[in-house]
Each structure stands twice: as structure tokens, then as C-alpha cells.
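Down below is the structure, laid out as C-alpha cells.
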Amino acid sequence: MTLRLYNTMTRQVEDFAPLTPGRVSLYTCGPTIWNYAHIGNFRTFLFEDLLRRWLEASGLTVFHIMNLTDVDDRTIQAAAKAGVTLREHVEPYAAAFFADRDYLRILPAHAYPRATQFIAPMITLVESLLAKGIAYRGDDGSVYFAIARFPAYGRLSQLDQRELRSGASGRVSSDEYAKEDARDFVLWKAAQPDDEAVKAAWDAPFGRGRPGWHLECSAMALDLLREKWGGDVLDIHCGGVDLIFPHHEDEIAQSCAHTGKPDFARVWMHAEFLNIRGAKMSKRFGNITTARDLKEDGVDAAALRLFFFQTHYRQRLDLNDESIAQAVAGLRRLGDFAARLEAAPAASSGAVGAAATAELEGAATLLREQFTAALDDDLNAPRAVAALFDFVTAGNRALDRGAGASGPAREAFRWAAGVLDVLPTPKAADAELAAWVEERIQSRRAARQARDFAKADLIRDELAARGVTLEDGPGGTKWRVG
RNA sequence: GGCGCCGUAGCCAAGUGGUAAGGCAGAGGUCUGCAAAACCUCUAUUCGCGAGUUCGAUUCUCGCCGGCGCCUCCA
């Protein structure tokens with residue numbers, strides 16, 4: 001079985017083979033740091049995190065780039081409104097993004113290029129397109145990409161099969177007189193007073209201005225890829241489904257017109273949207289939930305990862321209190337088992353124990369097979385999670401029968417749980433609480449030994465009132481919060 | 001108007017032309033002083049509705065009903 005991925009370009013699941021055997025260039029469109037990224041943004045980033053991890057788990061060397069858009073209409077407007085420079089406005093949100101990323105256990109990309117740090121390559125790209133006659137300067141001083149001069153335009157979003165209704169989304173209101181064709185998109189925007197005010201304007205041979213949104217991804221991806229591996233075609237390019245058109249379509253147009261290659265990326269992957277309480281999450285609707293909101297609510301990031309991975313990335317899903325609660329409950333089962341497996345003796349005793357150990361190792365083999373098959377199949381994380389839970393059930397059964405938690409069993413579970421990274425976050429120790437609980441447990445043990453169960457139960461109720469649950473086992477009494 | 005997606009048990013959610021994974025919740029049982037956790041058993045003769053293709057459809061086709069996405073700077 002080899003890795004197969006759904007390619008938006010062909011609308012099919014295809015065998016994945018990197019351009020150069022053994023290594024993969026992965027470009028993922030990152031956040032616009034004009035504000036806090038919301039949990040919907042992070043659904044996409046989490047999908048990309050899993051993709052990255054699975055490529056690496058498959059033995060590939062991944063070069064992962066994620067851009068930060070630090071100059072666009074929104075960042076400029078927000079900075080102007082606040083009366084600060086673009087840089088000043090954006091910096092805290094960049095830091096917040098990295099903090100949220102770490103909370104969600106998303107592996108850091110190898111490069112986080114920012115648009116404003118790649119002005120020179122962007123200017124070079126625009127000049128190249130002007131020289132080829134594919135871009136032109138409009139009456140307003142901006143530079144536009146002439147779609148009519150790039151026949152392949154629309155391949156990704158299958159524009160040839162669509163009848164575009166300009167402005168149908170209700171999000172466009174600008175007059176288009178400066179363009180030759182209403183569908184042309186801007187490469188370089190002539191500087192406006194607000195741009196100057198927030199220091200978001202740069203000199204260029206074709207006029208002072210600032211980059212259009214799509215330009216940065218082409219310039220940064222091509223620049224970094226050339227520097228790193230001398231290439232100009234990405235293996236995989238990802239983003240949210242909303243980026244298919246126009247963002248990725250325009251990236252392809254710019255990049256391919258410039259490089260002359262038929263592809264900008266060989267595989268295009270897009271994550272579906274996350275709804276929040278039944279509605280699309282958007283700052284326009286004021287129903288934003290950020291990662292930090294969930295963190296403040298005490299939601300374990302592992303529960304969120306589990307929640308997202310229990311639905312396929314190309315499937316829409318809804319985040320609400322119920323869905324989080326279900327994920328939290330599932331996470332507890334995984335966490336309990338993980339602790340049990342780690343604590344169990346490595347060796348078993350007797351014939352029954354040996355049989356149980358063999359059973360556990362058989363389950364471990366099955367876990368590896370099913371987990372691999374699931375993720376190889378277009379990153380079918382729900383099936384991978386199911387394989388993990390199947391192992392939990394089989395593992396608990398085997399341990400009940402005295403199995404030894406042998407190396408292969410532990411390693412298989414650590415490996416699978418590690419790829420998804422869905423084991424509970426260790427809770428920060430509350431020494432004061434722990435001391436009190438331990439004292440109560442000692443009192444209860446004394447009461448139980450005296451067979452004074454009324455008193456023992458009273459103590460348990462007392463602990464329960466503070467959220468502490470007890471578990472009496474052969475090795476003594478264990479406790480947990482929640 | 002154009003392009004496209006979805007509708008599977010109380011909830012979430014995989015899936016396949018051959019008779020329904022997994023999670024949460026629930027019921028009974030084992031274990032336990034009682035619990036908790038764990039384990040066992042049970043919980044959709046059925047996959048929005050209707051018709052068609054087929055030996056056979058949840059899975060393919062058509063229609064309908066119901067939700068929804070995109071259509072120029074939203075992940």
C-alpha cells in the first residue's frame with residue numbers, strides 16, 4: 001500500500017510520489033495576522049499537521065513552509081484604525097498564532113516567511129510577468145494579471161465549467177474600470193494614503209505600492225524552494241477550500257506564467273470548513289471561537305485534535321459544546337489506557353499470561369497495519385482513530401488476563417498515538433490538592449480496613465465534591481480530577 | 001443563474017456493488033464492601049424519500065425533499 005492523496009486539481013485520489021524520491025516540499029497557506037486566528041483556521045492547520053507527520057512517518061523528508069500574511073487590506077485597515085504601523089499591529093498576532101500553534105501541538109513549519117520580508121522577490125516576479133506581456137499597468141497605477149493571456153487559467157477551480165457571476169458573493173464592491181477584464185486580479189496595488197500612513201508601501205520600477213494577496217505565496221514558495229532544493233514546482237500545496245478560488249487559482253497563474261512550468265504544485269489539497277454551533281465561523285458574523293478561548297475554557301488540546309481527526313478532512317463538521325464533551329470523554333479512555341499500558345509489567349507469568357501477551361502483540365501488529373492503511377488512504381484519520389480504539393479494547397482485555405506490556409505493544413501504541421498526538425496533556429501538579437487527597441485516601445483506607453464503609457464512602461463523597469474521582473485497584477487507590 | 005457538497009443508530013462519524021468501523025451516551029452482566037475504571041452482552045434487518053440499472057444498492061443512474069458551500073483578497 002502506498003500513500004494516496006486526493007488532488008483538487010484532478011478531483012481524484014491519486015498515488016503520491018514526490019518529484020524527488022524521499023523528499024517532499026509542502027507549502028501551506030498560513031494565517032493573515034490582522035487578528036487572532038480562529039479554531040476554523042486551525043482545523044486546516046491541524047489537517048496539515050497530520051499530513052506533515054504522516055509524510056515523515058512514511059520515511060519522507062519534508063520541507064514545510066507556512067507563510068504569514070502580514071500585509072493586505074485587513075492588516076492595513078486595522079493598523080490605520082489603531083494608528084500604528086503595519087509592523088506594530090501585526091507583531092502581537094504573529095506571536096499569538098505561534099502560541100496557539102504550540103497549544104494545539106502543531107509541529108512548527110521549517111519556514112514562516114512573511115510577505116513584507118519578500119518584497120524584492122515579489123517585484124522580480126511582477127517584472128517578469130510584465131516583460132512577458134502577461135501583466136499590465138492599469139489606469140490607477142496598479143499592476144494586473146491578464147487572465148486572457150494565460151489560457152490555462154481556471155483549471156484548479158474548473159472555471160471553464162462555470163459561469164462566473166461577478167460580485168455574486170456580495171463581498172465585492174469596487175469599481176473595476178482600471179482593469180482590462182473584470183476578472184483580472186491585482187499583482188501590485190498602487191500606494192494609497194493609508195498604506196503610507198502605516199508604512200505598507202514600497203518602491204518598485206512599476207510604481208510605489210504594495211503586493212496583492214496572491215503574489216506573496218508565489219514569490220515566497222518559489223524563492224524558498226529554489227534556495228532549498230533548486231526547484232520551482234511544489235510537491236504539495238494546501239489550504240482551506242475557500243482558497244481554491246481565487247487564491248490558489250491566481251497563484252498558479254502567476255507562478256506558471258513566470259516559470260513556464262505546467263504546474264505550480266503537483267498535488268493540491270484542501271480542508272473543508274469547520275462550522276461553529278451550526279453556522280459558518282466568520283468575523284463578519286461575530287461567532288468566532290479562537291484557540292485561546294478553548295484553552296481558557298480548560299479544553300485539552302488533545303481532545304480538540306481527537307475531535308478533528310474523528311472526521312475526515314474533506315468533510316464539514318460542527319464544533320459545539322456537545323462535540324467537545326464527546327471528544328473529552330474519548331480522550332479519557334485513551335489516556336487511561338496509555339497510563340495502564342505504561343504502568344503494566346513488561347513480562348507476564350504463566351501460560352495464561354504468555355497467551356495474553358501474544359494476544360496483545362497480535363493486536364499491536366493489527367494496529368500498525370490498520371493505522372497505516374487508513375492514513376495511506378487519503379489521510380483517513382477517522383479510521384486511524386478507530387484502529388487506535390480497537391487496540392485500546394484489545395489491550396485492556398489482554399491486560400485483564402495478565403498480559404505483559406511488551407516492547408512491541410508499547411511501541412506500536414506510542415507510535416500511533418504519537419502520529420495523531422492525541423494523548424492527554426499531563427495536568428500541572430497541584431501540590432496542595434495532592435497532599436490533601438493523599439491524606440484523605442489514607443483516612444479512607446483506615447476506615448475500609450476497619451470495615452467502616454459508611455465513613456469510607458463519606459470521604460469519597462468529600463473528594464467527589466472537589467472533583468476528585470477514586471479508583472480502588474489491586475495496587476492501591478488511584479485518583480484523578482474530573 | 002453557474003459549479004459543487006452533504007443527508008448512515010439518541011448524538012458524532014467511517015465505509016463498501018454482496019448484505020453496516022469507531023467514539024460518546026444508554027441498558028444488563030462480571031469485577032468491587034459499594035463505587036470508579038476495565039471487560040462481556042445488547043442498542044440501525046437498515047443507511048432522507050421514490051423510481052431505475054443489477055442476481056444483488058446504503059454504495060451506480062434519474063427525480064424529489066431537506067441542509068449547505070463557492071462564484072475575486074474568508075482556513
Side-chain angles (χ1 to χ4, degrees), chain A residues 11 28-32 37-48 69 72-74 157-172 174 176 182-186 189 212-214 238-247 249-250 270-275 278-284 306-307 310-312 314-318 320 322-323 325-334 336-337 340 370 374 380-390 392-393 395-401 448 451-454 456-457 460 464 469-473 477-480:
Chain A
R11 315 271 155 153
T28 58
C29 282
T32 299
H38 56 64
I39 194 66
N41 299 119
F42 278 105
R43 181 198 183 178
T44 298
F45 303 150
L46 244 5
F47 143 68
E48 292 159 350
T69 299
D72 80 321
D73 288 356
R74 289 174 299 171
S157 50
Q158 306 191 334
L159 266 191
D160 52 329
Q161 293 174 29
R162 297 160 45 145
E163 178 187 313
L164 273 194
R165 177 186 275 188
S166 199
S169 69
R171 294 192 289 119
V172 188
S174 58
E176 309 282 11
R183 299 175 307 159
D184 289 352
F185 60 90
V186 69
K189 284 187 152 182
W213 178 37
H214 319 303
C238 301
V241 282
D242 54 321
L243 297 187
I244 295 172
F245 185 87
H247 187 53
E249 196 68 73
D250 292 349
H270 297 92
E272 253 301 346
F273 267 120
L274 171 73
N275 282 155
K280 177 175 173 175
M281 187 167 1
S282 169
K283 295 199 172 76
R284 287 186 294 147
L306 186 61
F307 165 69
Q310 278 186 301
T311 299
H312 189 85
R314 286 194 281 119
Q315 188 74 39
R316 249 168 260 164
L317 83 161
D318 192 67
N320 51 63
E322 174 68 14
S323 61
Q326 290 186 359
V328 167
L331 179 67
R332 186 161 57 214
R333 179 167 162 81
L334 286 179
D336 285 353
F337 176 73
R340 184 180 184 190
Q370 295 189 332
N380 194 322
R383 251 169 60 204
V385 171
L388 197 60
F389 275 107
D390 280 343
V392 170
T393 300
N396 272 138
R397 187 195 302 132
L399 291 172
D400 279 352
R401 294 176 190 169
R448 291 178 74 207
R451 303 199 69 79
D452 183 354
F453 296 120
D457 290 349
R460 187 165 60 196
T469 304
L470 298 184
E471 287 180 23
D472 297 325
T477 298
K478 288 191 289 190
W479 63 280
R480 70 153 142 238

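Note that the structure is a prediction, hence the values are computed from the model and not measured. Every chain is numbered from 1 and lettered A, B, ... according to where its sequence line falls, protein lines coming before strand lines.
Nucleotide rC31(B) holds its P atom 20 Å from the CG atom of L399(A), rounded to whole Å. L274(A) has its CG atom 21 Å from the P atom of rC5(B), to the nearest Å. Rounding to whole angstrom units, CG of residue L334(A) and P of rC24(B) are separated by 9 Å. With rounding to whole Å, R333(A) atom CZ is found 6 Å from rA38(B) atom P. Atom CZ of F307(A) is separated from atom C1' of rC12(B) by 8 Å (rounded to the nearest Å). Between H247(A) atom NE2 and rC71(B) atom P there is a gap of 14 Å when expressed in whole angstrom units.
Each of rA21(B), rA75(B), rG33(B) was ranked by its minimum atom distance to the side chain of F453(A); first place goes to rG33(B). Here the side chain of N41(A) is nearest to one of rA14(B), rC11(B), rA75(B), namely rA75(B). Proximity note for T393(A) (side chain, C-beta onward) versus rA25(B), rC39(B), rC73(B): the nearest is rC39(B). Side-chain atoms of V186(A) lie closest to rC73(B) of the nucleotides rG67(B), rA37(B), rC73(B). The nucleotide whose nearest atom lies closest to any side-chain atom of Q310(A) is, among rG22(B), rC34(B), rC73(B), rG22(B). Relative to the side chain of L317(A), the nucleotides rC73(B), rA13(B), rA36(B) differ in distance, and rA13(B) lies closest. Proximity note for R383(A) (side chain, C-beta onward) versus rA25(B), rG15(B), rU72(B): the nearest is rG15(B). The side chain of Q326(A) approaches rC24(B) more closely than any other nucleotide in the set rG22(B), rC24(B), rC74(B). The side chain of A329(A) approaches rA25(B) more closely than any other nucleotide in the set rA38(B), rU72(B), rA25(B). Considering only the side chain of D390(A), rG22(B) comes nearest among rG22(B), rA38(B), rC74(B).
Salt-bridge formation is detected for the pair R340(A)/D400(A): a Lys NZ or Arg NE/NH1/NH2 atom is positioned less than 4.0 Å from an Asp or Glu carboxylate oxygen.
Judged by distance alone, with hydrogens and angles left aside, K280(A) brings no side-chain donor or acceptor close enough to the base of rC68(B) to form a pair under 3.5 Å. Side-chain atoms of N380(A) and base atoms of rG15(B) include no donor and acceptor less than 3.5 Å apart.
Taking the C1' atoms as reference points, rA20(B) lies 33 Å from rA36(B), given to the whole Å. Rounded to the nearest Å, the gap between the C1' atom of rA13(B) and that of rC49(B) is 23 Å.
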Q: List the steps and the verdict of salt bridge (charged side-chain N to carboxylate O under 4.0 Å, His left out) for K478(A) and D336(A).
A: CA-CA 12 Å; K478(A) 288 191 289 190; D336(A) 285 353; over 6 Å; no

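Here S323(A) lies out of heavy-atom contact (under 4.0 Å) with every strand. If you check every strand for non-hydrogen atoms under 4.0 Å, G239(A) touches sugar and phosphate atoms only. Among the protein residues, H312(A) comes within range of the sugar-phosphate backbone only, with heavy atoms under 4.0 Å from sugar or phosphate atoms but none that close to a base.
In this structure, rG26(B) forms a base pair with rC42(B), meeting either the Watson-Crick or the G-U wobble geometry with both donor-acceptor distances under 3.5 Å. For rC55(B), the paired base is rG18(B) (Watson-Crick or G-U wobble, both distances below 3.5 Å). Across all strands shown, the partner of rC49(B) is rG63(B), judged by Watson-Crick or G-U wobble contacts whose two distances both fall under 3.5 Å. Within the shown strands, rG2(B) is the pairing partner of rC70(B) under the Watson-Crick or G-U definition, both distances less than 3.5 Å.
Here R74(A) reaches the OP1 or OP2 of rC74(B): one of its side-chain N or O atoms lies under 4.0 Å away. For the pair R332(A) and rA36(B), the criterion of a side-chain N or O lying under 4.0 Å from OP1 or OP2 is not met. Contact between the side-chain N/O atoms of R314(A) and the OP1/OP2 oxygens of rC5(B) is not found at any separation under 4.0 Å. N396(A) has a side-chain polar atom (N or O) that falls below the 4.0 Å cut-off from OP1 or OP2 of rC39(B).
Nearest-nucleotide mapping onto RNA chain B: of P246(A) and A387(A), the residue sitting toward the 5' end is A387(A). Comparing A454(A) and E322(A), the nucleotide of RNA chain B nearest to each residue sits closer to the 5' end for E322(A).
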